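As structure tokens, the structure follows; a few thoughts come after it.
All chains are named by letter (A, B, ...) in the order of the sequence lines, taking the proteins before the strands, and each is independently numbered beginning at 1. Side-chain atoms are counted along with the backbone in the values below, which use heavy atoms only and exclude waters and symmetry mates. Computed from a predicted model, the values in this text were never measured in an experiment.
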2 protein chains.
Amino acid sequence: MSGEVNIKRLAQELNLSIATVSKALNDSYEISLKTKTRVLTLAKELNYTPNPAASNLRSNKTKTIAVIIPNIANNFFSLAIKGIEEIARQYGYHVLIYQTHEDIEMEMLFTNSLLNGRVDGILTSVSSNEYNNDYYRDLVKKIPLVFFDRVYESLDAFKITTDDYQISFNATEHLIECGCTQISYLYGLEKLPAGRTRFAGYKDALAAHGISIDENLILHYQPEENENVANIINLFQSHKPDAIFSSIEEFAIPAYLACRELKLKIPDDVKIISFSNLSSAKLLNPSLTTITQPAFEIGIEAAKCLFKILTKRGIGDDQNIVLKSVLIKRESTGC
Amino acid sequence: MSGEVNIKRLAQELNLSIATVSKALNDSYEISLKTKTRVLTLAKELNYTPNPAASNLRSNKTKTIAVIIPNIANNFFSLAIKGIEEIARQYGYHVLIYQTHEDIEMEMLFTNSLLNGRVDGILTSVSSNEYNNDYYRDLVKKIPLVFFDRVYESLDAFKITTDDYQISFNATEHLIECGCTQISYLYGLEKLPAGRTRFAGYKDALAAHGISIDENLILHYQPEENENVANIINLFQSHKPDAIFSSIEEFAIPAYLACRELKLKIPDDVKIISFSNLSSAKLLNPSLTTITQPAFEIGIEAAKCLFKILTKRGIGDDQNIVLKSVLIKRESTGC
DNA sequence: TTAAAACCCGAAAACGTTTACGTAATTAAA
DNA sequence: TTTAATTACGTAAACGTTTTCGGGTTTTAA
């Protein structure tokens with residue numbers, strides 16, 4: 001009935017010491033089965049739940065992890081979060097979310113604010129605007145941290161990535177096999193390994209088929225969507241690519257819009273392929289050939305990896321998990 | 001250099017008491033400007049950040065809110081979270097995420113686990129599988145809570161919703177004006193006000209135009225996507241709707257797939273309209289006429305509302321904010 | 001029968017803050 | 001000049017746990 005229900009209250013009503021109640025709740029071997037059940041039943045009856053702040057303060061464990069990502073409203077990241085959340089749930093952990101808007105200052109601000117014991121560990125997919133290796137080299141010593149998708153490659157840290165190079169190579173080859181030679185590359189994540197590796201796969205595939213690379217066919221991502229559409233239109237008008245390889249999902253819709261604007265037929269006039277987790281890719285006009293990353297699974301694996309570290313189990317395994325993306329061929333490459 | 005940096009450490013190095021340092025950090029009027037700056041500079045120098053657990057424990061404030069939603073990987077909810085996170089950032093709050101998978105048991109489990117002082121407030125969009133008014137009637141007395149989109153209508157609580165009735169009415173009218181009379185309704189969220197209201201808008205629009213409602217044209221949502229496709233196909237075969245009104249985004253792609261399967265031409269054979277936040281709606285084949293909810297703004301408003309409560313400002317204003325959805329007419333209704 | 005081990009529980013300190021209260025020094029009011 | 005008010009800081013308790021240590025009782029082994 002009365003005020004807050006805490007350990008002291010339980011102890012009083014059961015004529016036990018605070019210590020005993022606490023140990024009973026934590027299933028300590030020091031407590032007899034009989035008193036354990038007494039405590040548990042009263043706890044349930046009074047709807048007792050331990051005060052997390054007190055618990056954290058004393059034990060230095062928070063049962064909380066943080067996820068730091070550039071943008072929540074993105075198919076890839078929201079799927080990854082979904083995976084992370086589900087694993088966290090299994091382990092009884094809570095999940096904090098921070099979005100950086102691709103701003104490394106924010107990223108560091110958030111991360112620093114987590115170092116005082118607010119969380120037990122961090123999952124992060126770093127922002128693309130700047131590459132700050134030094135900061136993260138220090139950071140990984142201070143707190144359990146797992147990178148996913150957007151990682152710092154040279155760092156000795158836990159990383160979950162995908163086979164960006166191979167899948168980009170394959171995708172480019174697919175375009176070549178469809179008869180394309182003037183393959184425009186829409187370049188995203190340039191400052192990150194993921195972006196560089198995708199580009200390398202593209203380049204090497206061209207080279208492997210004796211196609212020389214044309215710098216004029218490479219377009220760099222701009223944060224404002226309108227600019228990208230305009231740039232793609234420009235690209236079409238100045239040079240005449242017969243295919244587009246979009247290295248990030250954000251380029252896919254602008255590419256379609258540009259084609260529509262110029263009345264170019266996909267895939268007859270130009271073939272399009274894009275990294276993407278759009279659930280509606282198969283219903284686009286025409287359906288879009290995609291490189292789809294296993295976003296959900298990446299979240300799962302990243303979270304599992306972190307919990308391995310937190311529970312001190314299975315450390316020493318390879319720190320680098322690489323998952324396979326899948327190339328889904330549809331009408332936009334039409335062959 | 002040495003171990004952890006906390007208030008005690010600062011106090012020692014500055015020859016001040018712990019209390020003084022704490023007050024200085026919290027900008028108390030009791031402390032002179034001189035010592036304040038001394039404290040602040042050393043704090044910055046040593047990279048001091050207060051231990052949140054200790055702070056929470058003593059002050060009963062966590063600077064944390066929780067967001068409870070059915071599913072993160074959903075355009076509407078990820079946009080809403082994005083809005084919530086941005087506002088939380090402005091207020092210096094942290095955001096916990098929980099997904100219920102439309103399971104009311106989980107929903108209650110999560111919520112209960114937040115009542116012991118883990119968060120200062122909750123934002124929730126309730127699960128659709130069951131309607132548990134009693135639970136929430138008690139809950140809103142225990143903790144600041146704001147419902148968004150999926151609300152409990154009869155509750156005296158803060159609610160952020162959209163004009164579901166009006167926009168459904170308008171959308172149905174749009175179909176009627178396009179010449180449709182056999183308008184199938186794909187029914188989602190049946191147990192929630194949002195779902196019921198959308199249906200009411202549909203029904204009333206039919207009535208307003210002298211069209212009698214045909215129960216056979218109403219299809220209820222099934223959790224497994226395949227079932228929905230099959231059901232829609234069935235519906236087409238048994239009755240011959242000339243339009244589909246999809247009341248939730250989850251029905252949109254199945255509807256398209258069913259049409260594709262049956263080789264029905266959209267919008268010639270059948271017109272389609274759907275509630276949706278798909279960014280690619282305009283690029284579908286054909287582009288999809290949508291009722292688009294202001295998901296991001298809903299998140300913004302919900303968070304603002306919660307922070308109003310938490311800062312005790314502006315309470316007494318209307319507890320019910322209704323935002324406008326927008327009907328975006330595209331090719332799938334073709335007129 | 002006795003020593004050792006096992007079992008069960010309690011007292012009290014500790015985690016790092018915040019805050020009510022007390023106090024000395026200074027300033028303003030009478 | 002005396003008194004009251006203001007300013008600036010310190011003491012210590014409190015928040016609700018966890019955990020170390022110790023002790024008493026019962027069981028087991030020798």
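Donor-acceptor pairing under 3.5 Å is lacking for the side chains of A:Asn56 and A:Lys61. Remark: the B:Gln319 side chain and the B:Asp156 side chain contain an N/O donor-acceptor pair separated by less than 3.5 Å. Between the side chains of B:Tyr136 and B:Glu107, at least one donor-acceptor pair of N or O atoms lies under 3.5 Å.
In this structure, A:Asn116 reaches neither bases nor backbone, as no heavy-atom distance under 4.0 Å exists between it and the strands shown.
Tested against B:Val21, the residues B:Ile7, B:Asn6, B:Leu42 include a single side-chain contact (heavy atoms from CB on, under 4.5 Å) partner, B:Ile7.
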Checklist outcome for this item: With both pairing distances under 3.5 angstrom for Watson-Crick or G-U wobble, and | for a partner in another strand, the correct string for DNA chain D is ||||||||||||||||||||||||||||||

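Residues B:Tyr131 and B:Ser154 come closest through the heavy atom pair OH-N, 4.5 Å.
Scanning DNA chain C 5' to 3' for nucleotides with an atom closer than 4.0 angstrom to a non-hydrogen atom of chain A gives a first and last hit of C:dC8 to C:dG16.
Separating the CG atom of B:Leu33 from the P atom of D:dT7 is a distance of 14 Å, rounded to the nearest angstrom.
Judged by distance alone, the side chain of B:Ser59 and the main-chain N or O of B:Ser55 form a donor-acceptor pair under 3.5 Å. At distances below 3.5 Å, at least one donor-acceptor pair connects side-chain atoms of A:Asn51 with backbone N or O atoms of A:Ala53. For the pair B:Asp120 (side chain) and B:Thr62 (backbone), a donor-acceptor distance under 3.5 Å is present.
Between B:Lys304 and B:Ile300, the closest side-chain pair of non-hydrogen atoms falls below 4.5 Å.
Between B:Phe307 and B:Tyr91, the angle of the ring planes stays under 30°, which puts this pair in the parallel group of the 30/60° scheme.
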Item to check | Nucleic acid footprint by protein, nucleotides 17-29 of chain D - heavy-atom cut-off 4.0 Å, B for base, S for sugar-phosphate alone | outcome: BBBBB--------

